[in-house]
Student: 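Have a look at this one.
Convention: sequence-line order gives letters A, B, ...; per-chain numbering from 1. Values reported hereafter were calculated over all heavy atoms of this structure, with side chains retained and with hydrogens, waters and symmetry mates removed.
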Amino acid sequence: MLPHALIIRFRQQLLQWHASCPRPMPWKGLRDPYLIWLAEVILQQTRVTQGWPWFERFRKRFPTVQHLAAATEDEVLKLWEGLGYYTRARNLWRTARYVVEQLDGQFPRNYEGLLKLKGIGPYTAAAIASFAWRLPHAVVDGNVLRVLARFLADDTPIDSGPGKRHFTQLAQTLLDPQYPDSFNQAIMDLGATVCTPHNPQCHKCPLHSDCRATRQGIAPLLPVKRRKTKVRTRHLHYLIWTDGQHTLLQRRPSGDIWAALYDFPFVETSHPTTSGQQLLRQWLHAHQLAEPRSLPHPTLLWQGRQRLTHQLICGYYWWVLTHQLPPTLHNWQYVTIENLCKFALPKLTGNFYTYLLNFKDSLPTGKSNGIYNP
DNA sequence: AAGCCGGGGTA
DNA sequence: TACCCAGGCTT
């Protein structure tokens with residue numbers, strides 16, 4: 001157990017520091033549970049500077065939960081485009097509809113009720129409960145884990161069940177029940193600006209005198225994480241079936257990256273490939289389409305890479321010009337090249353699309369590439 | 001409990 | 001490069 005005097009000092013020094021060290025942000029000080037929820041979901045695993053423009057965009061387009069609930073899933077996804085972790089956008093939309101239709105537009109007034117909503121976990125439930133209604137629930141995010149692990153020189157791995165429970169209880173013990181909103185803001189601000197992952201500014205820290213990691217000189221070594229992310233390399237060969245005007249577009253299925261976003265049908269290979277026609281045959285076979293008498297000659301228009309946390313995506317964009325386009329299968333549709341920008345695209349495909357618009361006047365236009373004629 | 005899910009910033 | 005970011009869901 002923590003000494004009571006230590007707890008009191010922690011609260012007092014933290015709150016005093018926060019009062020004199022504001023970090024202005026558009027969602028700070030808001031009491032509207034909808035806007036708080038919106039901001040917190042946008043900020044999940046996302047830096048403040050990165051999520052900022054998206055929050056402004058969403059707040060302007062969807063001022064209330066009713067506005068959001070009235071939108072389509074595709075419109076929400078399009079506005080979310082480029083931010084990543086797209087399940088957040090779909091859960092945001094689903095929960096908005098649920099709140100409007102089942103809860104009369106009112107968010108649950110307690111932590112447990114909030115926790116039941118799709119896309120709201122322990123962190124976001126505590127954030128809404130404390131910021132909107134000043135309920136005494138401590139937020140535990142990456143900042144808080146780092147501050148607590150260092151303050152107590154605690155090397156319990158933070159990426160484990162016991163570790164998570166341990167630090168959550170510590171945060172709840174330290175939380176000032178009189179000012180849960182200010183306390184939560186303050187401890188996250190401290191982690192983001194002073195108690196940083198690298199080169200922590202310990203000399204500026206209001207908790208410096210009580211910090212055990214500082215005393216032991218091990219602040220930069222904490223917190224401890226056990227799990228290492230292994231990066232998988234993937235080669236995605238996109239086939240841009242086109243007659244020069246339209247292209248075949250697919251809605252990506254669940255169970256893989258970029259679920260529910262749109263891109264081109266593709267074949268995945270374990271190694272880089274150079275034979276476009278070979279890819280074409282693989283693709284036709286995979287979708288049980290008959291091989292045309294005269295196979296088109298795909299042209300590799302563009303290739304790009306995107307490094308994600310857990311995958312290295314190598315994208316190859318093959319231009320497949322033909323008079324007769326393949327039939328549309330499930331989740332496939334034909335759209336004009338101009339209309340591609342109306343769909344939510346993965347960043348990598350968006351990069352290709354930018355290239356396509358810049359160089360569309362010099363695209364292969366020969367009609368002798370073959371005819372899809374099974 | 002472990003794996004998966006994006007994109008970008010920083011040392 | 002490696003690590004991390006106002007985490008949550010699925011298996």
Student: Is any side-chain N or O of A:Y123 under 3.5 Å from a base N or O of C:dG7, one able to act as donor and the other as acceptor?
Tutor: no

Student: Can you tell which of C:dA6, B:dC5, B:dG6 lies closest to the side chain of A:Y86?
Tutor: B:dG6

Student: Quick one about A:D154 and A:T156 (side-chain donor to acceptor, distance below 3.5 Å, no hydrogens or angles considered), yes or no?
Tutor: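 Their side chains do contain a donor-acceptor pair, which is all the 3.5 Å distance test asks for.
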
Student: Nearest whole Å is fine: how far is C:dA2 P from A:N199 CG?
Tutor: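 Taking atom P of C:dA2 as the reference, CG of A:N199 is at 19 Å.
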
Student: Base, sugar-phosphate alone, or nothing: which one does A:W27 contact when heavy atoms must sit under 4.0 Å apart?
Tutor: base

Student: Go nucleotide by nucleotide along DNA chain B from the 5' end; which of A:L308 and A:T49 gets its closest nucleotide reached first?
Tutor: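 Going by which nucleotide is closer to the 5' end, it is A:L308.
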
Student: May I ask you to say what A:K28 touches in the nucleic acid, namely base, sugar-phosphate or nothing, with a heavy-atom cut-off under 4.0 Å?
Tutor: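 The answer is nothing, as A:K28 stays clear of every strand by at least 4.0 Å.
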
Student: Is there, by distance only and without an angle test, a donor paired with an acceptor across the side chain of A:R226 and the base of B:dA2 below 3.5 Å?
Tutor: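 Answer no: no donor N or O sits under 3.5 Å from an acceptor.
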
Student: Whether the side chain of A:T46 and the base of C:dG7 hold a donor-acceptor pair under 3.5 Å is what I'd like checked.
Tutor: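 Flag unset: no donor-acceptor pair detected.
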
Student: The side chain of A:M188 lies closest to which of these nucleotides: C:dA6, B:dC4, C:dG7?
Tutor: C:dA6

Student: Return yes if the base of C:dC4 and the side-chain atoms of A:R47 contain a donor-acceptor N/O pair under 3.5 Å, otherwise no.
Tutor: yes

Student: My understanding is that only one of A:Y317, A:Y316, A:W319 makes a ring pair (Phe, Tyr, Trp, His ring centres under 6.0 Å) with A:H237; could you say which?
Tutor: A:Y316

Student: Which of the following nucleotides, C:dC4, B:dG6, B:dG7, is nearest to the side chain of A:K225?
Tutor: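 Closest nucleotide among those given: C:dC4.
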
